[in-house]
Amino acid sequence: MLQKSIACFFLLFAISFQWVYGQVQVQQLTGSGQKWFFRQKDDASWLSAKVPGEVHLDLMQHKVIPDPYYRDNEKKVQWVERVNWEYSTSFNVTNPAIMAAKNIDLVFDGLDTYAAVYLNNQLVLSADNMFRQWRVNIKPFLQKANNKLHIVFYSAQNRVDSMAKADLPYVIPDNPRAYVRKAQYHFGWDWGPKLTTAGIWQPIRIEAYDTYPAEKPYKVPVDVALIEKPDDKGTSFYLQIDGKPTYMKGANYIPMDAFVTRTTKDDYRKMLIMAKESNMNMLRIWGGGIYENDYFYELCDSLGIYVWQDFMFAGTMVPGDKAFFDNVKEEVKYQVKRLRKYKSIVIWCGNNEMEEAFYKWGWHQSFRISKQDSVRLIRDYERLFKDSIAAWVKELDPQRPYVSTSPRYHWSVPASITEGDSHYWGTWWGGEDFEVFETKTGRFISEYGMQAMPNYSSVLWYTQPQERYLYSDVLEHHQKAGRGFWKLNNYLKGYMIDSAVIDKMSVEDYTYLTQCVQYYGFKNMILIHRSHQPYNMGTLLWQLNDCWPVASWSITDYYNRAPKAAWYAVKHTYSDNLPPRDKVRPKDLQLQNPNITYKVSGNTITLKATAFAKYVFVDIAGNLERLSDNYFDLQPGEEKKIIFDLKALKGKPVQIKIKSLWDVHHKYGHQ
């Protein structure tokens with residue numbers, strides 16, 4: 001509700017909560033009981049805010065901006081990142097023990113990102129790191145009543161642009177985001193929108209104490225070693241846990257939303273159960289996102305999912321000044337101390353793809369980097385990741401392995417197949433067939449992938465009817481990869497259908513077929529990887545999840561974390577009972593009308609076919625939950641039973657559509 005008067009706003013005092021933790025008195029200043037307000041800096045009017053939260057979500061709540069996930073609305077909200085924002089609340093201290101304590105700290109678990117904090121009109125803190133906890137003494141400024149906490153967030157995009165300009169002619173490739181300690185994907189990625197957020201994204205509290213409790217002695221919760229041992233083919237790369245070599249089957253994980261505070265415990269639970277039910281035992285927390293919250297790691301611990309934990313650096317070089325290094329040191333210390341108690345974390349990694357990018361992404365030419373600047377860039381890089389972070393991790397968590405970067409070599413380098421971990425992008429980016437892994441399977445493949453459209457239900461959500469044709473502006477907007485549809489179509493014509501008919505397809509059929517090629521790709525790539533065990537000891541596909549509705553490499557959809565076709569492929573190929581590899585490419589199959597029939601009894605669908613059916617897709621109207629199987633092959637005369645969640649339909653009738661590859665081939669005259 002819009003507040004007409006700032007004076008009126010200052011009279012709104014929230015219910016505060018406090019408790020004693022050991023010798024520390026705590027009062028929370030965020031959550032449902034505390035009233036917060038926000039505005040564009042120096043604007044006349046304040047609006048109610050949800051804290052923790054993000055400014056885009058508050059603006060959406062008040063209908064100031066449209067949903068950036070719908071159509072191409074992302075373009076319409078870019079102004080948000082270019083202005084400054086203010087958040088404010090008022091509170092009383094109701095516990096006398098807080099005021100009586102010798103020390104009173106104001107603690108911020110997460111400010112995004114450039115923030116000036118004022119308490120009762122006194123500047124008490126200037127923050128510049130999204131990933132740090134900030135703590136400041138407020139005893140000289142705290143009052144028993146009528147306290148005003150006011151935070152100004154300055155545009156991160158403006159700040160990094162200014163810092164990059166000030167450094168010229170020296171250039172840090174490949175984006176000014178290199179200067180800021182903030183989730184890098186907020187600046188856009190090849191699967192994500194550019195939504196550079198600001199706000200209070202983690203709780204705020206007061207901690208009062210005479211003597212702060214001493215840290216408990218740390219005991220490593222897992223026995224893990226990274227085994228790199230020379231052999232006749234190169235050098236091994238595998239994780240030994242509790243003394244046993246462990247083959248890792250998993251995926252890369254990105255933040256579950258472009259707005260990280262929107263992710264709920266139910267979202268985490270559903271996503272990680274999806275990973276577990278697809279027989280994964282490892283997730284790699286990718287370095288362009290965030291260090292996840294405690295609940296995520298608690299779930300991984302309970303589900304037996306190992307975590308490869310990147311530090312939050314990805315795809316760019318770094319500044320080398322003392323202030324930047326000092327900032328990163330505090331970040332690393334805080335995050336390692338916070339996370340080291342989780343047994344799921346089995347390896348730390350300095351960054352994602354920065355070293356391979358420096359040597360292999362053409363930066364020297366595209367940014368016209370001088371030899372002198374090149375030496376400086378790699379020197380600063382090595383000081384941070386090979387010297388500094390390595391030493392900080394060893395001091396705080398000495399028994400877990402640390403690697404400075406992932407991958408060790410670019411996929412074009414022969415050594416990437418014989419040692420270290422590998423991001424093999426000859427498939428997709430290089431346009432190579434999936435079967436290339438027969439000769440290019442590395443020791444531990446920590447990235448590889450194949451794209452597909454999101455589920456058609458998502459396409460229906462983010463488009464209007466007149467936009468549902470191939471390569472419409474809105475469909476292109478939800479395809480962030482360079483030449484993404486062109487690459488996708490190359491795999492469709494190589495594996496699924498005649499190239500001449502691709503552009504004639506409906507969006508619904510195109511969506512189905514792209515999911516089939518992603519299914520085929522992941523199934524057969526994984527089976528090849530696993531056939532190379534123990535030479536190969538890990539396969540982590542890119543990627544488990546999306547942060548918004550988009551054509552991507554994800555095997556699950558953004559909405560309701562529903563499975564895409566490839567999720568079912570991964571479930572089968574990561575199981576102990578391996579399916580056979582495909583011997584014939586689907587486009588070369590001589591398919592006949594399978595005449596699929598089905599009957600429904602309770603939560604079970606029983607299907608039959610008169611001829612072989614490939615990629616049978618069972619679509620239940622209104623259902624976004626996973627089925628016991630989907631996109632399966634059906635032999636003539638075989639009875640296939642599919643279990644679904646009847647409760648998810650909420651009493652609605654069971655309406656089913658069935659599609660197989662024959663339907664698409666027949667419809668478009670594929671020969």
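Under the 6.0 Å cut-off for aromatic ring centres, Y520 and Y491 do not qualify, their centroids lying 6.0 Å or more apart. Between F437 and H529, the ring center distance clears the sub-6.0 Å criterion.
Listed by chain and number, the residues in a salt bridge (charged side-chain N to carboxylate O under 4.0 Å, His left out) with E292 amount to none (sequence neighbours excluded). Residues meeting the salt bridge (charged side-chain N to carboxylate O under 4.0 Å, His left out) test with E432, sequence neighbours left out: none. The salt bridge (charged side-chain N to carboxylate O under 4.0 Å, His left out) test applied to D582 returns K523, K614, not counting sequence neighbours. Taking S531 as the reference, nothing meets the side-chain hydrogen bond (donor to acceptor under 3.5 Å, both in side chains) condition, with sequence neighbours excluded.
When every heavy atom of W428 is checked against every heavy atom of A481, the shortest pair comes out as CZ2-CB, 4.4 Å.
No donor-acceptor pair under 3.5 Å is formed between the side chain of K587 and the backbone N or O of L492. A distance-only check finds a donor-acceptor pair linking the side chain of R561 to the backbone of D546 [under 3.5 Å]. Under a 3.5 Å cut-off, the side chain of D433 and the backbone N or O of E435 do not form any donor-acceptor pair. Panel note: side chain Q184, backbone G287; no donor-acceptor pair is recorded below 3.5 Å. The backbone N or O of Q515 lies less than 3.5 Å from no partner atom in the side chain of K564, so there is not a single donor-acceptor pair. In this structure, the side chain of D257 does not engage the main chain of V260 through any donor-acceptor pair within 3.5 Å. Side chain of H532 to main chain of T439: no donor-acceptor pair is present (N/O by atom type, distance under 3.5 Å, no hydrogens or angles).
Taking the ring centre of Y462 as origin, the terminal cationic atom of R71 falls outside the region bounded by 6.0 Å and 45° from the ring axis. For the pair K440 and Y424, the cation-pi criterion (under 6.0 Å, within 45° of the ring axis) is not fulfilled.
Here W308 contributes atom CH2 and I347 contributes atom CD1; the two are 4.5 Å apart, rounded to the nearest 0.5 Å. Taken from NE2 in H665 to CD in Q590, the straight-line distance is 10.0 Å, to the nearest 0.5 Å.
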| task | Using the side chain to side chain donor-acceptor pair (under 3.5 Å) rule, take Y568 and R626 through it: C-alpha gap first, then chi angles, then the decisive distance, then the call. | result | CA-CA 9 Å; Y568 295 97; R626 58 194 176 278; over 6 Å; no

| Going through the distances and angles, do S506 and D509 end up as a side chain to side chain donor-acceptor pair (under 3.5 Å)? | CA-CA 5 Å; S506 70; D509 290 334; 3.2 Å; yes

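Salt bridge K270/E625: present, at least one basic N to carboxylate O contact under 4.0 Å.
When each of W425, W542, W553 is checked for a side-chain hydrogen bond (donor to acceptor under 3.5 Å, both in side chains) with E447, only W425 meets the rule. Each of W548, W191, W461, Y69 was evaluated against Y558; a single residue qualifies, Y69, per the ring-ring contact (aromatic ring centres under 6.0 Å, His included) test.
Applying the ring pair (Phe, Tyr, Trp, His ring centres under 6.0 Å) test to residues at least two apart or on different chains, none of the pairs has a partner in residues 572-608. The side chain to side chain donor-acceptor pair (under 3.5 Å) pairs that include a residue from residues 647-657 are E508-K657, where partners are two or more places apart or lie in different chains.
Side-chain contact of D557 with S458: a donor-acceptor pair under 3.5 Å is present, judged by distance alone. A donor-acceptor pair shorter than 3.5 Å can be found between the side chains of Y448 and T539.
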